[in-house]
Amino acid sequence: QVQLVESGGGLVQPGGSLKLSCAASGFIADHHAIGWFRQAPGKEREGVSCISGGDGTISYEDSVKGRFTISRDNAKNTVYLQMNSLRPEDMGVYYCGVDLIIGSSCLGGYRSLEVRGQGTKVTVSS
């Protein structure tokens with residue numbers, strides 16, 4: 001059974017850092033595109049970052065470039081999102097999603113990624 005479990009959210013001051021984890025089970029994360037989404041209150045879910053299966057090609061949404069880093073630990077079957085220099089506009093519930101096609105990449109954007117977890121909440125406030 002394909003599952004994704006997000007963790008690592010919390011309360012942080014502006015300028016602070018958090019590292020989110022997306023633990024995958026039921027499939028090999030290295031073989032699939034996995035991405036991070038976020039949803040702020042009253043707003044639609046948006047893609048934040050994606051890492052392709054195989055070659056690990058990475059993409060970021062413009063507002064997080066230079067501040068967020070996505071990575072994958074194949075031994076732990078887990079994808080991470082290191083978030084630095086957090087801003088109030090980064091607040092929201094963060095989810096991870098997977099493209100279940102083997103060898104999938106992020107070139108097609110976030111539409112092919114299925115969110116499977118409950119999300120983890122990030123609050124940025126002083």
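Since we're looking at a predicted model, the values are computed, not measured. Note that these values count all heavy atoms, side chains included, but never hydrogens, waters or copies made by symmetry.
Ile34 and Val5 fall into different hydrophobic clusters, where Ile, Leu, Val, Met, Phe, Trp and Tyr residues are linked whenever their side-chain heavy atoms come under 4.5 Å apart, directly or through other members. Linking Ile, Leu, Val, Met, Phe, Trp and Tyr residues whenever their side-chain heavy atoms come within less than 4.5 Å places Leu113 and Val115 in a single cluster. Side-chain heavy atoms closer than 4.5 Å link hydrophobic residues (I, L, V, M, F, W, Y) into clusters, and following such links, possibly through other members, connects Ile58 to Leu81. Linking Ile, Leu, Val, Met, Phe, Trp and Tyr residues whenever their side-chain heavy atoms come within less than 4.5 Å places Val48 and Leu86 in a single cluster. By the criterion of side-chain heavy atoms lying less than 4.5 angstrom apart, applied directly or through intervening Ile, Leu, Val, Met, Phe, Trp or Tyr residues, Tyr94 is grouped together with Val64 in one hydrophobic cluster.
The CZ atom of Arg38 sits 13.5 Å away from atom CZ of Arg45, with the distance rounded to the nearest 0.5 Å. Atom CG of Asp30 sits about 10.5 Å away from atom CG of Asp73, to the nearest 0.5 Å. Rounded to the nearest 0.5 angstrom, His31 NE2 and Asp99 CG are separated by 14.0 Å.
The aromatic rings of Phe27 and His32 lie perpendicular to each other, with more than 60° between the two planes, well past the 30° mark.
With hydrogens and angles disregarded, no donor-acceptor distance shorter than 3.5 Å links the side chain of Gln118 to the backbone of Glu6. Listed for the Ser49 side chain is no donor-acceptor partner under 3.5 Å among the backbone atoms of Ile70. Asn77 contributes a side-chain N or O that, together with a main-chain N or O of Ala29, makes up a donor-acceptor pair within less than 3.5 Å.
Looking at residues two or more places apart in sequence or on another chain, you find no side-chain hydrogen bond (donor to acceptor under 3.5 Å, both in side chains) involving Arg87. Residues passing the ring-ring contact (aromatic ring centres under 6.0 Å, His included) test with Phe37, sequence neighbours excluded: Tyr110. Taking the side-chain hydrogen bond (donor to acceptor under 3.5 Å, both in side chains) definition, one finds that Asn84 meets it with Ser17, Gln82, sequence neighbours left out. Listed by chain and number, the residues in a side-chain contact (heavy atoms from CB on, under 4.5 Å) with Lys65 are Tyr60, Asp62 (sequence neighbours excluded). Glu114 meets the side-chain contact (heavy atoms from CB on, under 4.5 Å) test with Leu100, Arg116; sequence neighbours excluded. The side-chain contact (heavy atoms from CB on, under 4.5 Å) test applied to Thr57 returns Ser52, Asp55, not counting sequence neighbours.
Side chains of Met83 and Val12 form no contact here, defined as non-hydrogen atoms less than 4.5 Å apart. In this structure the side chain of Trp36 reaches within 4.5 angstrom of the side chain of Val79, judged on heavy atoms.
A pairwise comparison of heavy atoms in Pro14 and Ser125 identifies CD-C, 3.6 Å as the closest pair. The two residues Cys96 and Leu4 come nearest to each other via the heavy atoms O-CD1, 3.5 Å.
For Ile28, the CD1 atom sits in a loose shell: 12 or fewer heavy atoms of surrounding residues, nucleotides or ligands are nearer than 6.0 Å. The local environment of CD1 in Ile101 is sparse, with at most 12 non-hydrogen atoms from other residues, nucleotides or ligands closer than 6.0 Å.
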